[in-house]
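Chain letters run A, B, ... following the sequence lines, proteins first, then strands; residues in each count from 1. The structure displayed is predicted, hence computed values, not measured ones.
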Amino acid sequence: MSEVLLIRQRIIESIQQAAIQAQQSGKLPGIPLPEISVERPQKAEHGDYATSLPLKLARSTGQNPLIIAKNIAAFISCNAEIADVTIAPPGFINFTLSKEWLIKQVNNILLQGNKYGDIDYGHGKYVQIEFVSANPTGPLHVGHGRGAVLGSTLANVLKSAGFKVQKEFYINDAGNQILAFTRSLFARYQQCLDIDVEMPAEGYFGSYMTDLAKEIIENCGDKFIKMPSVEAEAELGQLGLDKMIARIKESLELLGVRFDQWFSERSLYKNGQYDKAISILRQNGYIADKESATWFVSTALGEDKDSVVVRSDGTPTYFATDIAYHYNKFIERKFDRVIDIWGADHQGHVSRMEAVVGALGINPKRLKVIISQLVTLRRGGELVRISKRSGDMITLSEVIEEVGVDACRFFFLCRSADSQMDFDLELAKKESQDNPVYYIQYANARISSILRLAEEKGIDFTDGDISLLTGETELTLIRKMLLLPEIIELIANSLEPHHLTYYSQDLATIFHSFYKQCRVVTDDPDTTRARLKLVASAKLVLSKTLHLMGMTIPDRM
RNA sequence: GCGCUUGUAGCUCAACUGGAUAGAGCGCAGCCCUGCGGAGGCUGAGGUUGUGGGUUCAAAUCCCACCAAGCGCGCCA
């Protein structure tokens with residue numbers, strides 16, 4: 001376990017013991033104690049940790065919270081780790097870590113290397129994150145980009161937090177949209193061969209379909225018009241689908257996103273899992289036949305409407321395969337936890353899905369659906385359409401090329417998933433000079449530059465004496481570095497990876513400030529070697545943070 | 001009409017999940033290079049947290065009502 005999480009635990013225990021001792025001594029009424037927690041105060045003058053326990057006890061004991069604080073704090077003694085325990089109005093007990101302990105952590109970080117920050121929060125539990133899962137009927141757009149960055153970052157953080165993680169892309173290769181895709185492609189294919197056919201009304205009119213048709217003509221010629229049209233559609237459709245999936249993979253690759261598994265919707269029908277899932281629901285009494293269709297009786301689980309599972313024409317809805325898919329995730333593949341990241345247009349589906357999971361006999365708490373809100377793309381304030389069916393769209397790949405991967409990832413990441421975002425291409429490019437992305441990477445470049453200088457001068461700092469790092473500026477930097485494990489824990493718990501972007505900016509700011517105030521390589525060899533150690537550890541922490549966000553860490557810019 | 005999400009500085013967003021004087025970036029007004037990368041540092045102005053009530057020692061955060069924006073609402077996915 002991380003040292004910094006351990007010390008937090010020890011502080012909590014010492015508060016608990018002190019409260020019990022206060023009760024035994026009669027200074028605190030013997031009422032049951034609430035769960036004790038500590039928090040990180042916002043202001044440095046309030047110390048490193050604080051508890052509001054006295055305030056929570058004020059009502060039930062009828063005592064003044066400040067008196068309670070005083071009486072509890074009297075039983076907490078300082079030690080090698082805790083330098084100071086103080087009380088503050090209206091009723092806080094504040095803890096300050098000792099300089100010695102803080103400084104010691106520099107060696108600790110260097111020792112852990114790129115494993116620094118990793119914690120054992122997940123205990124090896126198996127988590128699946130399913131994200132993007134875009135229909136393979138068109139290229140990815142910015143909305144998918146947001147989901148991709150969210151999901152991949154979350155996967156990185158959860159791994160770091162001690163979970164076993166699987167990243168999955170669900171390929172919707174069954175259903176009506178595939179039929180429409182196939183017909184559109186066949187129409188474009190024929191049109192490119194000067195055959196006068198009409199596009200289907202519900203078809204995909206984007207220009208990428210024509211490009212796809214041309215590409216297929218280049219590779220396969222006109223063989224599909226010589227075949228019976230049913231066969232031709234089937235074969236051409238599959239070919240087109242494969243090519244679209246390949247393009248989706250390429251776009252994701254550009255963002256640095258790789259999946260462990262590409263899961264086919266169709267496979268659920270082939271291996272009988274669809275039938276199995278529905279029969280479980282039927283057994284549990286959640287399936288009803290009415291109006292010549294088959295329904296999932298979600299009203300029995302508190303939903304306001306039932307949902308069609310099999311249409312009156314006998315074909316299953318996408319909801320039916322989603323049932324089978326989640327049966328597969330939890331029961332066949334035995335994930336302890338499943339995280340689905342969906343777009344805002346699927347939010348009405350969330351409570352229904354949770355109901356299904358429960359109806360399958362699975363604790364619904366094991367499923368967490370994250371809704372990533374809409375992204376509106378703008379160029380200089382003007383709206384850019386990203387609709388797949390209409391012609392004019394800008395793809396994710398184009399956006400990445402225009403603003404760069406690192407900026408892209410950072411922008412998508414820095415807002416919490418449930419707030420909508422405007423992505424202005426002009427702004428993203430214009431700000432690239434003055435961008436937080438460059439600001440953070442610049443901090444790393446500066447560190448690298450210092451380490452290069454040290455190397456050129458042949459300075460070996462492996463036995464540098466870190467106990468010299470007693471300056472306030474140095475301690476501030478150490479304190480910030482020590483926050484990383486807590487940030488990882490926070491994200492593993494809240495599933496909100498945007499905290500990383502703020503942490504990385506804070507860390508960079510504090511480093512830049514340190515850089516200004518403390519020269520590292522000087523005539524004083526002892527200070528030089530001590531500070532080189534500090535700087536080397538800062539590089540580890542910064543690199544780890546950027547790595548978790550999936551960003552590059554250039555040593556020169 | 002109902003449901004989900006959002007509303008915080010001029011703009012874009014945070015706020016450790018109920019804690020102390022609500023913080024960053026951009027923009028704005030200034031200041032700082034005879035030292036490791038100025039893509040930098042420092043200072044300042046800027047707020048009735050959409051509105052009104054409620055719960056609490058404590059509310060941007062929880063509850064209720066209203067206003068505004070986005071998304072969705074049984075045989076599309």
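By the rule that a glycosidic angle within 90° of 0 means syn, B/C33 counts as syn. Within 90° of 0 lies the glycosidic angle of B/U17, which makes this nucleotide syn.
Contact of the A/Tyr438 side chain with the A/Asp406 side chain is not registered, since no non-hydrogen atoms from C-beta on lie closer than 4.5 Å. Looking at heavy atoms from C-beta onward, A/Gln373 lies in side-chain contact with A/Gln347 at the 4.5 angstrom threshold.
Using modelled atom types and a 3.5 Å distance limit, the side chains of A/Gln177 and A/Thr137 yield no donor-acceptor pair.
A/His499 has a side-chain polar atom (N or O) that falls below the 4.0 Å cut-off from OP1 or OP2 of B/A15. In this structure, A/Tyr49 does not reach the B/A20 phosphate: none of its side-chain N or O atoms is under 4.0 Å from OP1 or OP2. Side-chain N/O atoms of A/Asn172 include none lying less than 4.0 angstrom from OP1 or OP2 on B/A77. Within the 4.0 Å cut-off from OP1 or OP2 of B/G38, not a single side-chain nitrogen or oxygen of A/His512 is found.
Put simply, the side chain of A/Tyr204 never gets that close to the backbone of A/Arg183: no donor and acceptor are under 3.5 Å apart. In this structure, A/Thr317 contributes its side chain and A/Val308 its backbone to a donor-acceptor pair below 3.5 Å.
Between A/Gln420 atom CD and B/G7 atom C1' the separation is 10 Å, expressed in whole Å. Between the P atom of B/C26 and the OH atom of A/Tyr438 lies a distance of 15 Å, rounded to the nearest Å. Computed from coordinates, the A/Glu39 CD to B/G18 C1' distance equals 9 Å when rounded to whole Å. Per the geometry, OH belonging to A/Tyr503 stands 17 Å off P belonging to B/G25, to the nearest Å. Per the geometry, CG belonging to A/Leu179 stands 13 Å off P belonging to B/C76, to the nearest Å. In this structure, CD1 of A/Ile119 is placed 18 Å from P of B/C16, rounded to the nearest angstrom. Rounded to whole Å, atom C1' of B/C36 lies 11 Å from atom CZ of A/Phe514. Between A/Leu268 atom CG and B/A77 atom P there is a gap of 15 Å when expressed in whole angstrom units.
Comparing atom distances between the A/Arg519 side chain and each of B/C36, B/G72, B/A39 picks out B/C36 as nearest. Closest contact between the side chain of A/Asn176 and the listed nucleotides B/U17, B/G38, B/C76 involves B/C76. Of the candidates B/C16, B/C36, B/G74, B/C36 carries the atom nearest the A/Ile450 side chain, counting heavy atoms from C-beta on. Closest to the side chain of A/Ser419, out of B/C13, B/U21, B/C36, is B/C13. Comparing B/U21, B/U17, B/A15 by their closest approach to the side chain of A/Glu496 singles out B/U17. Taking every side-chain heavy atom of A/Asp345 into account, B/G72 is the closest of B/G72, B/C36, B/A14. Listed nucleotides: B/A20, B/G40, B/C57. Nearest to the side chain of A/Lys56: B/C57.
For A/Ser52 and B/G19, a side-chain-to-base donor-acceptor distance below 3.5 Å is present, hydrogens and geometry of angles not being considered. In terms of polar N and O atoms assigned as donor or acceptor, the side chain of A/Asn94 comes within less than 3.5 Å of the base of B/A20 in a complementary pairing. No hydrogens or angles were tested; on distance alone, a donor-acceptor pair under 3.5 Å links the side chain of A/Gln347 to the base of B/G3. Scanning atom types as modelled, one donor and one acceptor separated by under 3.5 angstrom connect the side chain of A/Tyr318 and the base of B/A77.
Remark: B/G44 base-pairs with B/C28; criterion is Watson-Crick or G-U wobble with both hydrogen-bond distances under 3.5 Å. Under the Watson-Crick or G-U wobble criterion, with both distances below 3.5 Å, B/G3 is paired with B/C71.
Toward the 5′ end of RNA chain B lies the nearest nucleotide of A/Ser494, the other residue of the pair A/Tyr439 and A/Ser494 mapping further downstream.
Only the C1' atoms considered, B/A14 is 10 Å distant from B/U8, to the nearest whole Å. The gap from the P atom of B/U51 to that of B/G10 amounts to 13 Å, rounded to the nearest Å.
Stacking between A/His346 and the base of B/G72 is absent under the criterion of ring centres within 5.5 Å and planes under 30 degrees. The aromatic ring of A/Tyr515 does not sit over the base of B/G40; the criterion of centres under 5.5 Å apart with planes under 30° is not met.
Distance check: A/Ile87 CD1 to A/Ile68 CD1 gives 11.0 Å after rounding to the nearest 0.5 Å.
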